[in-house]
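Reading through the structure tokens given below for one structure.
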Amino acid sequence: MSRQLSEQEQIRRDNLTKIEELGINPFPSELYPVTHLAEDIKKTYKTGDAGFEHVVLAGRLMMKRIMGKASFAELQDSSGRMQIYVNRDEICPGEDKTMYNTVFKKLLDIGDFIGIKGHMFSTQTGETTVHVTELTLLSKSLKPLPIVKTDADGKVYDEVTDPEFRYRQRYVDLVVNPDVKKVFKQRTTMYNSMRTFLNDKDYLEVETPILQPLYGGAAARPFKTHHNTLDMTLYLRIANELYLKRLIVGGFDGVYEFSKDFRNEGMSRFHNPEFTQIELYVAYKDYDWMMDLVEEMVEKVAMDMHGTTVVKVGENEINFQRPWKRYTMFEAIEHFTGVDISAMDEPALRDTAKSLGVSIDPALGKGKIIDEIFGEKCEAQLIQPTFITDYPVEMSPLAKKHRDKEGLVERFEAICNGKEICNAFSELNDPIDQRERFEKQLELGKRGDEEAMMLDEDFLRSLEYGMPPTAGLGIGLDRLAMIMTDSHSIQDVLFFPQMKAETIQE
RNA sequence: GACCGGUUAGCUCAGCUGGUAGAGCAACGCCCUUUUAAGGCGUGGGCCCUGGGUUCGAGCCCCAGACCGGUCACCA
């Protein structure tokens, strides 16, 4: 214990010792019989209501206003805050006033967990308050919490805003900034909404491997690790697509998974090395059907989260009400650039990209060039939810060739607020075609495309046994959560975003 | 990875042209029995991110680095 304690930390440790000397256990083990939550009482209690003669609450002491022999304080539980009134002669009815004069007034610190028993009343100013008759220390806090105060106008003082502090010590952020909790509760509402939607359709929630001998199902660089006993290289999954399709081969009609995926790439306000997608595969369906499902599900998510289909995101108001606009990729490019590239070969595309001011890596093939043009010129302008359909075959090695259009696949993405939120296709189930696509990926890899896919023989074997026609979908849930909670950065929808190593001084 | 900005008390932030480190809140002491950003009086608290350099003298100027943020690049 060579760590330098600040003055305030030392005082709290001294208080801890004094509490122990008074025979009070600062970290008692027995349960505390909580009966009420602060917010529930505030919502239901009216002055003088019966049924509130005995309430028991527990939480952190967040503010003390001491006025001699009586005090007001604020207790914060998981639901919110409740004012409590502590009167010396009521919590210390006998001669011994230690509990009030010493323990409550001096030895309890902001952040300590306490339990209170008492009854409800309203103060002269009309605030719902617990009149405390018994007070118990439940757990001592040894580090001072930042004190954030809000006045009657809602103006916040000394708000903890430093992003580094907030992300590294999320536990403090959650205690001190009440809106943070709201975002994460909303995120869970989003998950529950989807889960209910999909379960109601009898699709099966499943789990598939995170440690994979081959990574696949997306184009990205993986994290690599090693299994000691098997002495083999394993990768953290970049997607779970190929495993879920194996389950469709196995005879499930619909499977989905909320999956943590891992991509060893740059970080930004839209990218965290680990992130969450939901992937869904449904047999005997196609991508047109899947578009309808996405609209229906995301509209429901917005309703469940906000009670409306209109969501405010930054400057924009986004309306998720069905139906969403649908463009083919070529139509979108023509709409935003005035150029029809649908019949162009690779050199013509290169020239077009150049004239549009889109710089193209020479290693890129035809499909990637089209994607670059779309990404540069169209994506950011699509604010309202919009489906973009029919992508070039070269950049979609797992999607089925278009039933009518040469060189394209039956694929769509939904774009919203200028960013992709989902990706889906009629899944390629022809094992011979799939093998050729993988082989083309290997060639792209040789040309220098670092994200080209690996050839997965076991997956091909499963397709050879036969996979029914299937529609597949992936939704980036962090991105969707950002939109649905109006969060500027992915770090605001992840409890513990990835950070560089911190050196904690000991 | 590139460019720009930031890092000072527990928190939010000042700190001028280089001259002994500041405020509010929090903490500590005293007063106060319905307050509410409670109030009054008083007190303490600092590796000014780290390491070099310039200077009589550096929180401030210069160089290098760490971490954070923004923009861009990368990113299905």
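These values consider heavy atoms only, across backbone and side chains, with no hydrogens, waters or symmetry-generated copies. In this text, all values refer to a predicted model and were calculated from it rather than measured experimentally. Chain letters run A, B, ... following the sequence lines, proteins first, then strands; residues in each count from 1.
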Base, sugar-phosphate, or nothing for A/K500, non-hydrogen atoms under 4.0 angstrom? sugar-phosphate

Would you give me the side-chain donor-acceptor pairs under 3.5 Å for residues 486-495 of chain A, sequence neighbours excluded?
unit_1: A/D486; atom_1: OD1; unit_2: A/G314; atom_2: N; d: 2.7
unit_1: A/S487; atom_1: OG; unit_2: A/T485; atom_2: OG1; d: 2.7
unit_1: A/H488; atom_1: ND1; unit_2: A/R269; atom_2: NH1; d: 3.3
unit_1: A/S489; atom_1: OG; unit_2: A/Q491; atom_2: N; d: 3.0
unit_1: A/S489; atom_1: OG; unit_2: A/Q491; atom_2: NE2; d: 3.3
unit_1: A/D492; atom_1: OD1; unit_2: A/Y167; atom_2: OH; d: 2.9

Within the structure shown, what part of the strands sits under 4.0 Å from A/M395 by heavy-atom distance: base, sugar-phosphate, or nothing? base

Please work out if A/E420 contacts a base, only the sugar-phosphate, or nothing of the nucleic acid, heavy-atom cut-off 4.0 Å. sugar-phosphate

Passing option when A/F412 is tested against A/W324, A/Y391, A/F387 for ring pair (Phe, Tyr, Trp, His ring centres under 6.0 Å): A/F387

Name each donor-acceptor pair under 3.5 Å that joins a side chain in residues 368-382 of chain A to protein atoms two or more places apart or in another chain, with its distance.
unit_1: A/K377; atom_1: NZ; unit_2: A/L356; atom_2: O; d: 3.1
unit_1: A/E379; atom_1: OE2; unit_2: A/E420; atom_2: N; d: 3.3
unit_1: A/Q381; atom_1: NE2; unit_2: A/K377; atom_2: O; d: 2.7

So does A/E274 pair up with A/K260, basic N to acidic O under 4.0 Å? yes

B/G15 and B/A23: how far apart are their C1' atoms, nearest whole angstrom? 11 Å

Write down the distance separating the P atoms in B/G24 and B/A9, rounded off to the nearest Å. 16 Å

B/A76, B/U35, B/C11: which one has an atom nearest the side-chain heavy atoms of A/A219? B/A76

Using the test salt bridge (charged side-chain N to carboxylate O under 4.0 Å, His left out), find all partners of A/K181 that sit at least two apart in sequence or belong to another chain. none

Mind checking side-chain contact (heavy atoms from CB on, under 4.5 Å) for A/I110 and listing every partner two or more places apart, or none if nothing turns up? A/R12, A/I147

Which value, in whole Å, describes the distance between the P atoms of nucleotides B/C62 and B/A76? 41 Å

At 4.0 Å (heavy atoms only), tell me whether A/F121 reaches a base, stays on the sugar-phosphate, or touches nothing. base

Could you give the distance separating B/C60 and B/U50 at their P atoms, to the nearest angstrom? 10 Å

For the side chain of A/D433 and the backbone of A/D430, is there at least one donor-acceptor N/O pair under 3.5 Å apart? no

Could you tell me whether the phosphate oxygens of B/G69, OP1 or OP2, come under 4.0 Å of any side-chain nitrogen or oxygen in A/Q491? yes

Residues 155-163 of chain A side chain polar contacts: donor-acceptor under 3.5 Å, at least two apart:
unit_1: A/Y157; atom_1: OH; unit_2: A/D151; atom_2: OD2; d: 2.8
unit_1: A/D162; atom_1: OD1; unit_2: A/E164; atom_2: N; d: 3.4

Could you tell me the separation between the CG atom of A/L480 and the P atom of B/A76, rounded to a whole number of Å? 19 Å

Partner residues of A/R246 under the salt bridge (charged side-chain N to carboxylate O under 4.0 Å, His left out) criterion, sequence neighbours left out: A/D456, A/D458

B/C28 and B/G45: how far apart are their C1' atoms, nearest whole angstrom? 10 Å

Applying the 3.5 Å cut-off to both distances, the Watson-Crick or G-U partner of B/C48 turns out to be none

Are A/H119 and A/F52 an aromatic pair by the rule of ring centers under 6.0 Å? no

Could you run down the sub-3.5 Å N/O contacts of the protein with nucleotides 3-9 of chain B?
none

Pick out the pairs of N or O atoms, protein on one side and nucleotides 28-31 of chain B on the other, that lie under 3.5 Å.
unit_1: B/C30; atom_1: OP2; unit_2: A/K106; atom_2: NZ; d: 3.4

C1' atom, B/C67 versus B/A58: distance in rounded Å? 23 Å

Partner of B/C72 by Watson-Crick or G-U wobble geometry, both contacts under 3.5 Å, or none? B/G1

Scan A/R479 against the nucleic acid and name what it touches under 4.0 Å (heavy atoms): base, sugar-phosphate only, or nothing. nothing

B/U35 base / A/Q83 side chain donor-acceptor hit below 3.5 Å: yes

Got a sec, which residues hit salt bridge (charged side-chain N to carboxylate O under 4.0 Å, His left out) with A/E279, two or more places apart in sequence or on another chain? none

Quote, to the nearest angstrom, the C1' distance that separates B/G70 from B/C30. 49 Å

List the steps, then state whether side chain to side chain contact (heavy atoms under 4.5 Å, CB included) holds for A/L460 with A/Q434. CA-CA 7 Å; A/L460 286 171; A/Q434 183 67 79; 3.5 Å; yes

Return the 5'-most residue of the pair A/K155, A/K419 with respect to RNA chain B, ranking by each residue's nearest nucleotide. A/K155

Output the single nucleotide from B/A27, B/U33, B/A76 whose closest atom is nearest the side chain of A/I110. B/A27

Taking only side-chain N and O atoms of A/Q8, does any of them lie within less than 4.0 angstrom of OP1 or OP2 on B/G45? no

Within the structure shown, what part of the strands sits under 4.0 Å from A/S396 by heavy-atom distance: base, sugar-phosphate, or nothing? nothing

Scan every strand shown for a Watson-Crick or G-U wobble partner of B/A38, both distances under 3.5 Å, and answer none if you come up empty. none

Any side-chain N or O of A/S489 less than 4.0 Å from the OP1 or OP2 oxygen of B/G69? no

In the strands shown, is B/U33 matched to any nucleotide by a Watson-Crick or G-U wobble pair with both distances under 3.5 Å, and which? none

Select base, sugar-phosphate, or nothing to describe what A/P273 touches, counting heavy atoms under 4.0 Å on all strands. nothing

Check the interface with nucleotides 21-25 of chain B: list each N/O to N/O pair with the protein under 3.5 Å, or write none.
unit_1: B/G24; atom_1: N2; unit_2: A/D158; atom_2: OD1; d: 2.6
unit_1: B/G24; atom_1: N2; unit_2: A/D158; atom_2: OD2; d: 3.2
unit_1: B/C25; atom_1: O3'; unit_2: A/K149; atom_2: NZ; d: 3.2

So, using ring-ring contact (aromatic ring centres under 6.0 Å, His included) as the criterion, who are the partners of A/Y287 when residues are at least two apart? none

Of all the nucleotides listed (B/C11, B/A76, B/U33), which has the minimum atom distance to the side chain of A/M67? B/U33

Are any of A/R65's side-chain N or O atoms less than 4.0 Å away from OP1 or OP2 of B/U35? no

Flag as yes if A/Y157 stacks onto the base of B/A37 (centroids under 5.5 Å, planes under 30°), otherwise no. yes

A/K64 and A/F104: side chain to side chain contact (heavy atoms under 4.5 Å, CB included), yes or no, with the steps? CA-CA 9 Å; A/K64 279 200 284 187; A/F104 176 74; 4.2 Å; yes

Looking only at atom C1', what distance separates B/A26 and B/G10, rounded to whole Å? 7 Å

Using a 4.0 Å heavy-atom cut-off, does A/E159 contact any base of the nucleic acid, only the sugar-phosphate backbone, or nothing at all? sugar-phosphate

Tell me, which pairs form a salt bridge (charged side-chain N to carboxylate O under 4.0 Å, His left out) where one or both residues lie in residues 90-106 of chain A, sequence neighbours left out? A/D89-A/K97

Assign A/T150 to base, sugar-phosphate, or nothing according to its heavy-atom contacts below 4.0 angstrom with the strands shown. sugar-phosphate

Considering every strand shown, what is the Watson-Crick or G-U wobble mate of B/U54 when both distances are under 3.5 Å? none

Counting the atoms with a prime plus P, OP1 and OP2 as sugar-phosphate, which does A/D371 contact under 4.0 Å by heavy atoms, base, sugar-phosphate, or nothing? nothing

Once you apply the 3.5 Å cut-off to both distances, tell me the Watson-Crick or G-U wobble partner of B/C25, or none. B/G10

